[in-house]
Protein chains: 4
Amino acid sequence: MSIPTPPPSAESGKRSRRKEARPGELLDAALDLFVEKGFAATRVEEVAARAGVSKGTLFLYFPSKLELFKAVVRHNIAGRFDEWKLEMQAFEGSSSELLHYCFFVWWERIGSTKASGITKLILSEAGNFPEVASFYRKEVIDAGQELIRQILRRGMDSGEFRKVDLDYAIYIVLAPMIFLMTWRHSIGMCVPDELELTPEEYIRLQVDNMLHGLCACQKPSSPPPTF
Amino acid sequence: MSIPTPPPSAESGKRSRRKEARPGELLDAALDLFVEKGFAATRVEEVAARAGVSKGTLFLYFPSKLELFKAVVRHNIAGRFDEWKLEMQAFEGSSSELLHYCFFVWWERIGSTKASGITKLILSEAGNFPEVASFYRKEVIDAGQELIRQILRRGMDSGEFRKVDLDYAIYIVLAPMIFLMTWRHSIGMCVPDELELTPEEYIRLQVDNMLHGLCACQKPSSPPPTF
Amino acid sequence: MSIPTPPPSAESGKRSRRKEARPGELLDAALDLFVEKGFAATRVEEVAARAGVSKGTLFLYFPSKLELFKAVVRHNIAGRFDEWKLEMQAFEGSSSELLHYCFFVWWERIGSTKASGITKLILSEAGNFPEVASFYRKEVIDAGQELIRQILRRGMDSGEFRKVDLDYAIYIVLAPMIFLMTWRHSIGMCVPDELELTPEEYIRLQVDNMLHGLCACQKPSSPPPTF
Amino acid sequence: MSIPTPPPSAESGKRSRRKEARPGELLDAALDLFVEKGFAATRVEEVAARAGVSKGTLFLYFPSKLELFKAVVRHNIAGRFDEWKLEMQAFEGSSSELLHYCFFVWWERIGSTKASGITKLILSEAGNFPEVASFYRKEVIDAGQELIRQILRRGMDSGEFRKVDLDYAIYIVLAPMIFLMTWRHSIGMCVPDELELTPEEYIRLQVDNMLHGLCACQKPSSPPPTF
DNA sequence: CATGAATGAGCTTTCATTCAT
DNA sequence: AATGAATGAAAGCTCATTCAT
């Protein structure tokens, strides 16, 4: 009315910051809920509510629930692998130590964070959204497997690791990680603290055994039996 | 084709024979669809159609979709562990061989069959049906873990395996199994034959490495570093 | 097998008696359930079960649920009015006494029996099945009203009762009856014995007041006010 | 037709005005249909359609069909009794006149309006929804009975009425009312104008007889006979 | 941009009715 | 005649999506 010009910097600044933050808040809320309840059981209204906006607003930013889901996946796989790769190449210790290092870094940055929920989510919904799954496989899994492959090759090249078929050996490293993420987001949530198992100790033992095996004896000279 | 009339004797009592077969047919159909699409995305009408009956018929045998789900889980975990336990106790080879043996038996009886889909299903839906998940944990997971525990203890008692914390070590054995089931029913379905990896070879290498480790060197005397 | 001829009279007699009793048993079961739960909330399977036959058998005797309903109504209004009429014509006491008498006879034969449920049922379902309702009105209500009309006329002719418009006066007698049946089969069932009101005392007081009115004073000479 | 643009000012806020009107419109539609067809035979889609909205909209305001039913009952018994009580206490005529007055007021405000359908509805559905019935009994019936009780006590205290057992006498007043409501919403709808009976004349005669009785003779000195 | 009332397709579940045995 | 397994048309309810404000 009679107020000539409202201070444009303060108000509009706060508002536009809010506005630009919207998609991110929605993605965070959606991540939480998708991980917690699955795609089908998550209602868009809940997502909107948790992000503090109305249902209509969500559809302003994402044209459908499925697109929101895709965006959540895409948003949470920001190329973490590049920096990781660099760290690995700069690593100066033994390959055993590198393996240890990578496991704990993975735990810190992925395994223990919300990002782990994404993996569980994808594995759960892969059947319903193959395109999302194969997108994830290409963008995330393959990059991770490549990283693992490099670590193993490094160890084998230096003579520290035995020679094994890399295409299969990567799963020796991958399996304990995927298992831990899957477990903690499903069955693990049912009986939380019964035995007080800690992920850290789980990882320590997995890596230790991955390197040295269960056998107390010397390295095998004969191939194992087949049934 | 040229057979004009199907043997009428076999047809007599067709209806009553079907009646006894119905629950099984429905459970099989439901297993397929639940595993393929998840609980929520599976429509009961689809289940009925795949079992060759109408929607209403399904509800003649199962009072609700959730009860159908529970029945599927229950039906597919019929006490397999008892015979398994006996086989294991009768086993006369080394503990390494026993571990090998168990893995391949597991693959034959569970891993490669539809039963593996159940595990994937449970892990996916655990968040939505905690009661089902904790039922499964008690009935299946715990029994499996006990079996693994016995194998490891056998090896440790005989001096064949190193001494490790059993509560964690069981996951050394469990993780590759769960991972394989999860993987094949999700991401693994997206890129089927790309690299021609076979589950058998996966298992062989996992067990081999589980026993002997990646390290070419002698057994460790010093604890691994922590980061 | 080798038994030449089973006694046909005993066995087949029992069976055919059974067979002929079927519709009646079904009608009884249906009456109970329709009265108790209403038409819509009664499942034909329940009716069959209570009658001790299968669902299919019911449809052998009654082509549809609606026809069953109609049959129930028809079956339960057997011309009781004829004998009643005779009793009334033979009655030798005063008209007041006749009114009393009729009320208590009605209570004994209708009000306190399952037959009262029919009336309540018809009143409840009249909106859904007008044809049933108007059939009931013609066959039952009108006959009852005619009976009441005769009683009142008898009293007026003898000078025992005041002159009143018979078309309306019949409701003075009908209302307490219908009300009692309706009440006992609905609201009355919620708070059964709170005050220990007995139908007999209810009837006694209704008839008494119907005859003598609430006023302690003499009969009115002036018409009542209108608002 | 020739009006090109409807006045925009009146249209502004149309949606929000409707929002406030919706529950009332739905309750009105539901009242009509429940009374007309009963609870079970009324489909929520019909209710919605009659209120001019879609099925989903109804569930925006009422979480289930049963809650809608309860709301209909609750909405139509808004404390009418308070004002009524005051009117009654302020009444200055004789108790006979008061009784007359109350009957006609009841007819004007309840009996002849849609509210009377509620009573019929409750009586019909009492068996299926005991909680609703007993809620209604407490909130409505009991309040009504209390009112009747006061009128009768007033007459008895002043010596205008004979002494009668109040617990039973209230039904002398209640029965003609309940009967009329039940009748008009059931059987009465089948043969609408056959005899041109008017509710007003029905009430007039009921009250008149309630006060003075059928007997042309003096007040009774001997108790009536029992059979 | 943001809202949230409104929509209606779609799903689970019920149950009168049919019909092969 | 009797059975009861099978059917499928409804009905209640949910929720992603739209759109007037």
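Sequence lines set the chain letters: A, B, ... in the order given, protein chains first and strands last, and positions in each chain run from 1. Atoms considered below: every heavy atom in the structure, side chains included; atoms not considered: hydrogens, waters and symmetry mates.
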F:dG12 P sits how many Å from D:Phe69 CZ, rounded? 14 Å

Enumerate, atom names and distances included, each donor-acceptor pair closer than 3.5 Å involving a side-chain atom of residues 25-32 of chain D, sequence neighbours excluded.
{"from": "D:Glu25", "atom 1": "OE1", "to": "D:Arg18", "atom 2": "NH2", "distance (Å)": "3.4"}
{"from": "D:Asp32", "atom 1": "OD1", "to": "D:Lys114", "atom 2": "NZ", "distance (Å)": "3.3"}

Where each pair must be Watson-Crick or G-U wobble with both distances under 3.5 Å, what dot-bracket representation of DNA chain F is obtained, with crossing pairs in [ ] and other-strand partners as |? .||||||||||||||||||||

Quick one: does B:Lys55's side chain have a donor or acceptor within less than 3.5 Å of a partner on B:Val47's backbone? no

Using the test side-chain contact (heavy atoms from CB on, under 4.5 Å), find all partners of B:Lys70 that sit at least two apart in sequence or belong to another chain. B:Leu66, B:Glu67, B:Arg74, B:Glu131, B:Val132

Provide the closest heavy-atom pair for A:Val35 versus A:His185 in the form atom of the first, atom of the second, distance. CG1-ND1, 3.7 Å

How close or far is atom P of F:dA5 from atom CG of B:Leu26, stated in whole angstroms? 14 Å

Rounded to whole Å, how long is the line connecting atom CD of C:Glu67 with atom P of E:dA16? 15 Å

Rounded to whole Å, please give me the gap between CZ in D:Phe34 and C1' in F:dG12. 12 Å

Partners meeting side-chain contact (heavy atoms from CB on, under 4.5 Å) with A:Thr119 (sequence neighbours left out): A:Leu123, A:Tyr136, A:Ile178, A:Met181

Just the rounded figure in Å: distance from P of E:dT18 to CG of C:Leu58. 12 Å

Quick check on E:dA2: is either OP1 or OP2 less than 4.0 Å from any side-chain nitrogen or oxygen of A:Tyr61? yes

Euclidean distance, atom CD of residue A:Glu46 to atom P of F:dT14 [Å, nearest integer]: 14 Å

Holding to ring-ring contact (aromatic ring centres under 6.0 Å, His included), I want the full list of residues that pass it with D:Phe34, two or more places apart in sequence or in another chain. D:Phe39, D:Phe69

Scoring nucleotides 8-15 of chain E by protein non-hydrogen atoms under 4.0 Å (B base, S sugar-phosphate only, - none) yields BBBSSBBS

Separation of F:dA5 atom P from B:Phe62 atom CZ, nearest Å, is 14 Å

Minimum heavy-atom separation for C:Tyr61 to C:Pro23, with atom names? CD2-CG, 3.7 Å

For the backbone of A:Ala126 and the side chain of B:Ser186, can you confirm whether one donor and one acceptor N or O come within less than 3.5 Å of each other? no

Could you tell me whether the side chain of A:His75 reaches within less than 4.5 Å of the side chain of A:Val72, counting heavy atoms only? no

